[in-house]
Amino acid sequence: MNKPTLLGSQLLTGNLWKSLSFAMLVCITFSQPVLAQEKQRMLRILTVNGRGVESIPATLAQVVLGVEVQAKTAQEAQKEAARRSSAVVTLLKNRNVEKLQTTGITLNPVYSYKDDIQRLTGYSASNTVSFRIATDKAGQLLDEAVKAGATQISGISFVATDEAIAQAQKQALKEATQEAQQQAEAVFSVLGFQRKEVVSIQINGASAPPPPPRPMFRADAVQTANASTPVEGGEQQVEASVTLEISY
């Protein structure tokens, strides 16, 4: 091959690469705005929150009661507290209460103060237990527990059964999801956008907040009543919230 031919071939090749490079640059230059627009369209997301609340009967009473005894010596106080506590626990087991457990055992010195002088006067021993029982049976059982030796009812709260709570949680989640969907439909309808698909789902909560315990009262107040201690459970609320991200 002679020099003119070789030189012409090199020039042709160089021009070809220049043309290809220019074409690629033009393609990239024009494709970047297209990709940006497509990315912007993909990032068009509406975020909505929905909340669901279910109220269910609180058919179980969660009770904390105990025995408190004072005596001159620690041994006497602990022995008497144990005797009375055994009688109370036996009663509770015979009544088939649920989730019975010991929640506290204490033994403390008792002092008196006179003329700024501290004197040991005895000891105080206490045993406490917690349990669950049907709400409609709680009043009578509390009276029986006092007769068996209980001296304090430290607190009572009311809850639904585990099965009822689980069912209510599902219903609350359903309501929360439906509310979020309705909110999205309302927004899209006003703005004239067409919804596409749900791209993210977040369950923020599906729980039954524990009911606050009722205040403590002493057992001697129960003994003054002629009728059975009245106990009303009321209702428990189960809440759920859902966050949806919907593309359009």
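Basis for what follows: all heavy atoms, side chains included, without hydrogens, waters or symmetry-related copies. Since the model is a prediction, treat every value here as computed from it, not as a measurement.
Counting only heavy atoms from C-beta outward, the side chains of Val48 and Gln182 never approach each other to under 4.5 Å. Between Ser124 and Glu68, the closest side-chain pair of non-hydrogen atoms falls below 4.5 Å. Annotation: side chain of Leu92 is in contact with side chain of Leu141 (closest heavy-atom distance under 4.5 Å). Side-chain contact between Val238 and Gln171: absent, with no pair of heavy atoms (C-beta onward) separated by less than 4.5 Å. Counting only heavy atoms from C-beta outward, the side chains of Val89 and Lys93 approach each other to under 4.5 Å.
The two residues Val88 and Gly149 make their nearest non-hydrogen contact at CG2-C, 4.0 Å.
Residues Leu100 and Val67 fall within the same hydrophobic cluster, defined by Ile, Leu, Val, Met, Phe, Trp and Tyr side chains chained together at heavy-atom separations under 4.5 Å. The cluster map of Ile, Leu, Val, Met, Phe, Trp and Tyr, joined by side-chain heavy atoms under 4.5 Å apart, puts Val146 and Val64 in different clusters. Taking hydrophobic clusters as Ile, Leu, Val, Met, Phe, Trp and Tyr residues chained together by side-chain heavy-atom distances below 4.5 Å, Leu191 shares a cluster with Leu244. Hydrophobic cluster membership is shared by Val187 and Ile201, with clusters built from Ile, Leu, Val, Met, Phe, Trp and Tyr side chains linked at under 4.5 angstrom. Ile203 and Val198 fall within the same hydrophobic cluster, defined by Ile, Leu, Val, Met, Phe, Trp and Tyr side-chain heavy atoms under 4.5 Å apart, directly or through other members.
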Take Gln181 and Ile246 through the side-chain contact (heavy atoms from CB on, under 4.5 Å) test and state the conclusion after the steps.
CA-CA 9 Å; Gln181 293 270 33; Ile246 304 174; 4.3 Å; yes

Evaluate Thr161 against Ile56 for side-chain contact (heavy atoms from CB on, under 4.5 Å), listing each step before the verdict.
CA-CA 10 Å; Thr161 63; Ile56 52 179; over 6 Å; no

Test Glu144 against Arg95 for side-chain contact (heavy atoms from CB on, under 4.5 Å), laying out the working first.
CA-CA 10 Å; Glu144 292 177 350; Arg95 296 296 181 270; 2.9 Å; yes

Please evaluate residues Arg83 and Val69 with respect to the criterion side-chain contact (heavy atoms from CB on, under 4.5 Å), reporting the C-alpha separation (whole Å), side-chain torsions for both, the decisive distance (0.1 Å), and the verdict.
CA-CA 10 Å; Arg83 185 187 68 80; Val69 175; over 6 Å; no

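For residues 48-61, the salt bridge (charged side-chain N to carboxylate O under 4.0 Å, His left out) pairs, not counting sequence neighbours, are Arg51-Glu239.
More than 12 heavy-atom neighbours from other residues, nucleotides or ligands sit within 6.0 angstrom of CD on Gln178.
In this structure, Glu76 has no salt bridge (charged side-chain N to carboxylate O under 4.0 Å, His left out) partners at least two apart in sequence or on a different chain. Every ring-ring contact (aromatic ring centres under 6.0 Å, His included) that Phe188 has, sequence neighbours left out, goes to Tyr248.
Ser241 and Asn49 share no donor-acceptor pair across their side chains, judged by distance under 3.5 Å alone.
Checked by atom type and distance alone, the side chain of Glu235 never pairs as donor or acceptor with a backbone atom of Ser55 at under 3.5 Å.
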